[in-house]
**Student:** 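Got a structure for you, questions after.
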Amino acid sequence: MDRIERLLGEMTLAEKLGQMTMVASGYAVTGPVIVGDSTESIRAGTLGNLLNMVGVGHVNEMQRLAVEESRLGIPLLIGLDIIHGHRTLFPIPLMQAAAFDAAAWERAAHEAATEACADGLALTFAPMLDVARDPRWGRSAEGAGEDPWLTARMAAAKVRGFQGASLDSAHALAACAKHFCAYGAMTAGRDYAAVDVSDRALREVYLPPFEAAVKAGVATLMPAFTDIAGVPMTAHRALLQGTLRGEWGFDGVVISDYNAIAELIRHGVAADLTDAAVLALKAGVDIDMMADAYRKGLPKALEQGRVTMAEIDTAVRRVLRLKQQLGLFDDPYRRGAQPEPTAVLAERHRFARAFAARCAVLLENRAKTLPLPANLQRLAVIGPLADADAEMRGPWWGAGEFAPHVGVLQGLRANLPGVELRHTVGVAVTGSEAGDDADDGKEDVQGGIALAAALCDDADAVILCLGESSTMSGEARCRAEPGLPGHQLELARAVIARAHTHGKRVVAILFSGRPLVIPWLAEQADAVLWAGFLGTEAGNALADLLVGRVSPSGRIAMTWPRSVGQIPLHYAQRSGGRPENPADHYTSQYLDMPNAPLYPFGHGLSYTHFSYANPRVTPQHVRRGDSCTARVEVTNDGACAARETVFLFIHDVVASVARPLLELKGAATVELEPGETRTVEIRVDAEALCFPGLDLRPTWEAGDVDVWLGPCADRMKLLKTTIQLQA
Ligand code: GLC
């Protein structure tokens, strides 16, 4: 009999429910503060999983209690939110998406897994795969933006990176596809709010990234806190048992979100913890994170005959199998046994710096303000995010809390040694004033702004560092007005006005975990560079970009609206019967502004200019099962080498169901020297031209499909060619 079946035969109900329970340890590198009685439960074998613990010493201490002191010696599964790096932080996922580089996404996950395993961890609650189309939502920071095709590719790359070739490697982390599903479509951009999406939106937008994660072999999955049409995801049998496990064949471990099983009571679908436990177990949730509903509710449910021991065994079996796949039974101390050599860390930081430079997005660059001139002597570096090293972490910093991060001022000092840097905060990130010395607090807002404006007078150029703190995005951090917080717009107005009276240029560097609503700044600043949050090497990467050592190449993965009033706003809109036509009043438009966003999906400038020519697709007549190759000539018309990302969108012109005007189906990145022309090829399997028909089943429909090739989701900048799908 194999180990798992043998253990199942020996386990008491309390030991089984312990394997279905996960409790948080007080997360601190300095030492575990275990919540509640966990150490006793671990010894008693009635707790099988922990989260939020870091440090191989503490992890092994807890592991030893389980392996050497409990009756059956079942090892613990210990997890942490390793979202964009463990101790070395990479750009937040929304910025990583902007690189459109699956190899880099995978490498970043692999590096994070290596560091996390060195800390004794075996599970991360990542990748987050929620398609986000509402910048008010703070968790936009954690995902790959608005497009399902892009998010699906990020999903597969992250699963490969975290899990590697085999889960039992000492450098492998079990990944967790979260939050299943449609979490990003919550009402009014407010976290945890109700979700109502069509079955079509589910099939076309919100499910594909999770299906991609399952196909890539993701070991675990986490349902969202939210409901869909009144059915909370934690109890959603149709999607968890029907689609996830039945249709897709996922047989991994489903871990509830934090206390989510108990929250079925607040949702109004469970009267008490027993009800909640029954609903979650029937839906296929294997581990109860932090609600203690399984340990408290299932014994009673078993007595009442509302659940069976077989259902409990199914969950326990999956958990034990995951621990076995991770090699935890064979050697529970394998992860963390070997400290990492310092040379590895140096190389990791080199990658982090290069990747961060690739993720930043140049939104504006008037009159080639950037790169900064080589003969620069004095820079005014102004704003609340100029000397804010810790803010570079982004909203999920995990164990990165204690690692040093390079901010803008530090990066400029290190990389522009001969340039005099003069800095003032101007105003605080939000709310009240901050004088030149932020500690004094006696300066009022106007005083801080006046000081900042004066700094422009004898500077050669101005760097204005604005935006959000790292804790203004992420979970439970939504903003109804996602513009520049506090008095920062006043600061920007004063600084830009002063600088321009002296003929000085202003480069605004924006920090945020979401698209910001910044129409005025976008028009008035001479250059705008979106840094999102770039992680440990942020300041060095930004310096590389500012001086032109690297040309920006990032492309936004989430539309930037001109106004909150336009939200939800994304590129993949359907036409409707009366599409926007300024010449016709009775069409879909506003009285007070155009429908167009401030920046469309895929927008991003570089220090050169690229031109496109001669788009074509072969074969032009496509049968189901074929694969098509799109080609287009791309030329670097400028004077510096740079990377260009070419997108392939389709539009099914006439179909049984109205199709979006643009759907992303491919992307390719190319590096071109000045004057170089290259034919860029993007392959698309014909299956990708199928879509869910009226019955929501994949359908192939003969007819014309327009193929659009170019730099962003703006038809004015795309080249069109047409293929014919054959019956
Ligand atoms: C949080 C988040 C989830 C995270 C979990 C554990 O509430 O919703 O993304 O993985 O709890 O920290």
Side-chain angles (χ1 to χ4, degrees), residues 21-28 32-35 38 49-54 77-86 92-94 109 112-113 116 119 121-132 137-144 151 154-155 158-159 162 173-186 190-193 195 209-210 213 218-227 232-234 252-264 266-267 280 285-293 393-401 471 473-478 513:
T21 299
M22 180 178 275
V23 171
S25 73
Y27 163 77
V33 175
I34 298 283
V35 173
S38 300
N49 311 286
L50 291 176
L51 77 145
N52 290 358
M53 175 174 282
V54 174
L77 173 66
I78 302 177
L80 180 72
D81 289 284
I82 298 155
I83 309 297
H84 52 99
H86 183 58
I92 57 172
L94 187 59
D119 259 344
L121 295 164
L123 165 71
T124 175
F125 305 112
M128 187 270 211
L129 303 176
D130 301 303
V131 171
W137 188 38
R139 304 201 78 164
S140 306
E142 299 172 51
T151 307
M154 172 87 82
K158 290 298 180 187
V159 169
F162 284 129
L173 279 183
C176 180
K178 74 181 188 183
H179 309 79
F180 186 77
C181 63
Y183 185 7
M186 74 271 117
R190 205 173 55 250
D191 214 346
Y192 316 123
V195 171
F210 290 94
V218 71
T220 73
L221 175 135
M222 182 185 288
F225 282 121
T226 41
D227 71 347
M233 284 312 305
T234 304
V253 173
V254 172
I255 305 171
S256 84
D257 204 337
Y258 200 102
N259 195 41
I261 296 178
E263 289 167 16
L264 293 175
R266 285 204 201 115
H267 271 285
V285 177
D286 302 305
I287 292 183
D288 163 10
M289 181 194 285
M290 279 308 284
D292 219 0
R393 301 172 303 188
W396 271 109
W397 51 74
E401 175 154 10
T471 55
S473 60
E475 183 177 355
R477 295 200 166 95
C478 298

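As the structure lists them, so they are numbered: ligands from 1, and atoms in each ligand from 1.
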**Student:** So, applying side chain to side chain contact (heavy atoms under 4.5 Å, CB included) with Leu123, which one of Ile78, Thr220, Val253, Leu173 is it?
**Tutor:** Thr220
**Student:** Before signing off on this row, confirm whether Glu142 and ligand 1 have an N or O atom pair separated by under 3.5 Å.
**Tutor:** no
**Student:** Just verifying a value: how many Å separate Ile255 CD1 and Asp288 CG, rounded to the nearest 0.5 Å?
**Tutor:** 11.0 Å
**Student:** Do you know the tightest heavy-atom contact between Val218 and Cys176?
**Tutor:** CG2-N, 4.1 Å
**Student:** What atoms of ligand 1 come closer than 4.0 angstrom to any heavy atom of His179?
**Tutor:** 3 (C), 8 (O), 9 (O)
**Student:** Would you mind listing which atoms of ligand 1 come within a distance below 4.0 Å of any non-hydrogen atom of Lys178?
**Tutor:** 3 (C), 4 (C), 9 (O), 10 (O)
**Student:** Heavy-atom contacts with Tyr258 under 4.0 Å: which atoms of ligand 1 show up? List them by number with element.
**Tutor:** 7 (O), 11 (O)
**Student:** Does only the side chain of Met22 get under 4.0 Å from ligand 1, or the backbone, or both, or neither? Count heavy atoms.
**Tutor:** neither
**Student:** Over 60° means perpendicular and under 30° means parallel, so classify the ring planes of Tyr192 and Phe225, tilted if in between.
**Tutor:** perpendicular
**Student:** Which is closest to atom 3 (C) of ligand 1 by heavy-atom distance: Asp191, Ile82, Asp257, Thr124?
**Tutor:** Asp257
**Student:** For Ile82, does its backbone N or O pair with a side-chain atom of Thr124 as donor and acceptor, under 3.5 Å?
**Tutor:** yes
**Student:** Relative to the heavy atoms of Glu475, which atoms of ligand 1 are at a distance of less than 4.0 Å?
**Tutor:** 1 (C), 2 (C), 7 (O), 8 (O)
**Student:** Give me the nearest non-hydrogen protein atom to atom 6 (C) of ligand 1 as residue plus atom name, then the distance to 0.1 Å.
**Tutor:** Asp81 OD2, 3.2 Å
**Student:** From His86 NE2 over to Trp397 CH2, what is the distance, rounded to the nearest 0.5 angstrom?
**Tutor:** 15.5 Å
